[in-house]
Each structure stands twice: as C-alpha cells, then as structure tokens.
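Sequence positions, counted from 1, serve as the residue numbers for this chain. When reading the values below, keep in mind they use all heavy atoms of this one structure, side chains included, and skip hydrogens, waters and symmetry mates.
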Amino acid sequence: MTGPSDQRSLSFGAEAAAYERGRPSYPPESIDWLLPDGASDRLDVLDLGAGTGKLTTRLVERGLDVVAVDPIPEMLELLSSSLPDTPALLGTAEEIPLPDNSVDAVLVAQAWHWFDPERAIKEVARVLRPGGRLGLVWNNRDERMGWVKDLGRIIGHEVDPFSQTVDLPASFTDAERHLVEWTNYLTPQALIDLVASRSYCITSPEKVRTRTLDRVRELLATHPALANTSGLALPYVTVCIRATLR
C-alpha cells in the first residue's frame with residue numbers, strides 16, 4: 001500500500017529534469033566529513049535515494065566504488081545517462097537490493113525524511129559491514145537573508161538547519177552533527193527549476209502550481225537584490241549527520 005509520503009516522493013519522477021537542473025550539489029567539505037576516515041578508492045559506498053545523482057557524481061569523482069539506489073526510474077535514467085559506468089538499481093531504503101555486509105558506507109542525501117526510519121535502519125545495518133558509516137545530508141536554504149526568506153513565504157520555509165537532527169537507534173554509535181555554510185550560484189531559470197522540482201509544487205493542482213511559479217518570477221523581477229541580474233547567490237546551510245554501525 002502506498003501512503004501520502006510515498007506518493008509525494010515518487011512524484012519527483014514527473015519533474016526529474018527540473019530536479020537535475022535546479023537542485024544544488026553538495027559542498028566537498030560535507031562529503032569529506034561524512035565519509036569514513038582514510039577513505040580510499042577501495043571504499044564501497046551506497047548512495048541511497050540517489051535521485052538524479054547529485055551526490056553520486058561527487059562520490060564517483062573521488063574514485064570510490066559507488067552503487068546508486070532509487071525508487072524512481074526517471075531519476076535513475078538521468079543518473080545513468082551522466083554516469084553510465086555506475087550501477088544504478090531500482091529499489092527503496094526499506095528493501096535495499098544489495099547483499100548483506102556489502103558496503104563500507106551508506107550515504108543519504110536529501111532523502112532520509114522520505115523513508116520509514118525503522119525499516120530503513122534495519123536495511124542499512126544489514127548491508128553495512130561491521131564498523132561501517134551511515135551519513136545523512138541535507139541542503140537547506142539559509143533564510144536569514146531577506147530575499148531567501150521572501151522565497152520561503154512563497155514556496156514553503158525550510159527546516160531550520162540549526163536545530164535539524166535525527167534520532168538513530170543504539171545499533172549506531174558515535175553519532176555526530178556538522179554544519180557547512182556555503183553559497184550556490186545559479187541563474188534565474190535554475191531557481192524556477194528548483195521550485196518546480198519541489199514535491200509541493202509537483203503535487204499541487206495546476207492552478208496552484210502556475211500561481212506559485214508566477215509569484216517566484218515576480219520576486220525575481222521586483223526584489224532589489226534580484227532584479228536585472230543574470231546570476232543569483234543562494235546561501236545554504238548543509239546539515240550533516242554521521243554514525244557508525246556497532
């Protein structure tokens with residue numbers, strides 16, 4: 001049975017291309033912190049909920065052995081088009097299509113909140129080798145800046161990155177949290193794509209979706225910090241959480 005959360009997460013397939021164009025990647029510092037110490041090219045990493053491969057690409061660039069898993073075929077199609085040599089498997093966090101004890105790290109970018117945490121934790125523990133690393137990461141817009149807060153009023157405010165956390169069970173130890181503040185530079189059209197790829201916008205009735213995108217275009221045209229510019233500086237706070245399998 002598919003619940004509302006599952007339906008919203010699967011809805012991303014309808015806007016996979018916009019997701020790829022508009023969503024930012026992840027700052028190198030956050031990936032350094034999430035990966036096990038002394039990570040080498042012999043490290044086996046699962047990118048769980050990989051989407052179009054925003055994080056997968058950064059892991060492959062490091063020479064790691066990466067497997068991507070996602071439940072949405074349209075997302076994996078885009079991932080495979082840019083990373084043809086990376087295994088991309090259709091699957092969920094609750095039923096990971098990998099053998100027991102097969103990876104050194106499981107990284108989850110922008111997706112943990114879509115999972116059934118109790119079932120996902122059991123599956124993550126199953127595929128991790130003893131002492132393996134679970135790393136969670138979210139990019140959150142930094143709404144301390146005026147126009148970014150105005151954007152939040154239109155499309156919905158972000159989770160407060162300074163208080164965001166996740167409770168992990170006793171099977172994981174040494175849980176830590178780390179924040180990375182950085183800026184993503186994008187075009188006005190990429191901001192429109194970012195908004196269009198949000199689950200709220202995708203699943204809204206057509207009139208609501210059109211009105212939301214029109215309000216974003218109006219913000220771009222009228223806000224003093226945005227009008228008449230071809231490039232935007234969108235500040236982010238990336239929240240990283242890591243823990244080790246006992």
Nearest 0.5 Å, please: how far is [atom2] in [Y] from [atom1] in [X]?
{"X": "Arg144", "Y": "Asp160", "atom1": "CZ", "atom2": "CG", "value": "9.5 Å"}
{"X": "Asp116", "Y": "Thr92", "atom1": "CG", "atom2": "OG1", "value": "9.5 Å"}
{"X": "Thr212", "Y": "Ile192", "atom1": "OG1", "atom2": "CD1", "value": "10.5 Å"}
{"X": "Asp174", "Y": "Arg133", "atom1": "CG", "atom2": "CZ", "value": "8.5 Å"}
{"X": "Leu219", "Y": "Ile155", "atom1": "CG", "atom2": "CD1", "value": "9.5 Å"}
{"X": "Thr187", "Y": "Leu220", "atom1": "OG1", "atom2": "CG", "value": "9.5 Å"}

Non-hydrogen side-chain atoms of [X] and [Y] separated by less than 4.5 Å:
{"X": "Arg58", "Y": "Leu107", "answer": "no"}
{"X": "Asp65", "Y": "Val45", "answer": "no"}
{"X": "Leu35", "Y": "Leu64", "answer": "yes"}
{"X": "Ile31", "Y": "Leu59", "answer": "yes"}
{"X": "Leu90", "Y": "Pro97", "answer": "no"}
{"X": "Leu83", "Y": "Thr57", "answer": "yes"}
{"X": "Thr86", "Y": "Thr56", "answer": "yes"}

Legend entry - Presence of salt bridge, Glu143 and Lys149, under 4.0 angstrom: no

Legend entry - Test log, rule side-chain contact (heavy atoms from CB on, under 4.5 Å), inputs Trp138 and His113: CA-CA 10 Å; Trp138 291 267; His113 55 290; 3.3 Å; yes

Legend entry - salt bridge (charged side-chain N to carboxylate O under 4.0 Å, His left out) partners of residues 217-234, not counting sequence neighbours, each pair once: Asp214-Arg217

Please report the closest heavy-atom contact between [X] and [Y], naming both atoms and the distance.
{"X": "Asp70", "Y": "Ile72", "answer": "OD2-N, 3.0 Å"}
{"X": "Ser80", "Y": "Ala88", "answer": "OG-CB, 3.5 Å"}
{"X": "Pro84", "Y": "Ser81", "answer": "CD-O, 4.2 Å"}
{"X": "Pro117", "Y": "Phe115", "answer": "CD-O, 3.1 Å"}

Inset, instruction - Using the side-chain contact (heavy atoms from CB on, under 4.5 Å) rule, take Leu55 and Ser25 through it: C-alpha gap first, then chi angles, then the decisive distance, then the call. - result: CA-CA 6 Å; Leu55 178 61; Ser25 186; over 6 Å; no

Inset, instruction - Compute whether any side-chain donor of one residue and acceptor of the other, for Ser197 and Arg23, lie under 3.5 angstrom apart. - result: yes

Inset, instruction - Might you work through the salt bridge (Lys or Arg N to Asp or Glu O under 4.0 Å) test for Arg198 and Asp193, ending with a clear yes or no? - result: CA-CA 9 Å; Arg198 290 175 61 88; Asp193 289 330; over 6 Å; no

Tell me which donor-acceptor pairs under 3.5 Å the side chains of residues 231-246 have, and how far apart each pair is, sequence neighbours excluded?
| from | atom 1 | to | atom 2 | distance (Å) |
| --- | --- | --- | --- | --- |
| Thr238 | OG1 | Asn139 | OD1 | 2.5 |
| Thr238 | OG1 | Trp182 | NE1 | 2.7 |
| Arg242 | NE | Glu176 | OE1 | 2.9 |
| Arg242 | NH1 | Trp33 | O | 2.7 |
| Arg242 | NH2 | Glu176 | OE1 | 2.8 |
| Arg246 | NE | Ala170 | O | 2.4 |

Legend entry - Glu77 atom CD: more than 12 heavy-atom contacts under 6.0 Å: no

Legend entry - Asn140: which of His157, Gln164, Gln110 passes side-chain hydrogen bond (donor to acceptor under 3.5 Å, both in side chains): Gln164

Quick one: side chains of residues 119-131, donor-acceptor pairs under 3.5 Å with protein atoms, not counting sequence neighbours, listed by atom name and distance.
| from | atom 1 | to | atom 2 | distance (Å) |
| --- | --- | --- | --- | --- |
| Glu123 | OE1 | Arg126 | NE | 2.7 |
| Glu123 | OE2 | Ile96 | N | 2.8 |
| Glu123 | OE2 | Arg126 | NH2 | 3.1 |
| Arg126 | NH1 | Leu98 | O | 2.9 |
| Arg126 | NH1 | Asp100 | OD1 | 2.7 |
| Arg126 | NH2 | Ile96 | O | 2.9 |
| Arg126 | NH2 | Leu98 | O | 3.1 |
| Arg129 | NE | Asn101 | O | 3.3 |
| Arg129 | NH1 | Asp44 | OD2 | 2.9 |
| Arg129 | NH1 | Asp104 | OD1 | 3.1 |
| Arg129 | NH1 | Asp104 | OD2 | 3.0 |
| Arg129 | NH2 | Asp44 | OD2 | 3.1 |
| Arg129 | NH2 | Ser102 | O | 3.0 |

Is it true that a side-chain atom of [X] and a backbone atom of [Y] form a donor plus acceptor pair closer than 3.5 Å?
{"X": "Asp47", "Y": "Ala68", "result": "no"}
{"X": "Arg21", "Y": "Ala190", "result": "no"}
{"X": "Thr210", "Y": "Lys207", "result": "no"}

[X] and [Y]: same hydrophobic cluster, using ILVMFWY side-chain contacts below 4.5 Å?
{"X": "Tyr26", "Y": "Leu43", "result": "yes"}
{"X": "Trp114", "Y": "Val159", "result": "no"}
{"X": "Leu194", "Y": "Val208", "result": "no"}
{"X": "Ile202", "Y": "Val195", "result": "no"}
{"X": "Phe162", "Y": "Val180", "result": "no"}

Inset, instruction - Evaluate the side-chain contact (heavy atoms from CB on, under 4.5 Å) criterion for residues Val216 and Leu151: first the C-alpha distance (whole Å), next the side-chain angles of each, then the deciding distance (0.1 Å), finally the verdict. - result: CA-CA 7 Å; Val216 174; Leu151 178 66; 4.1 Å; yes

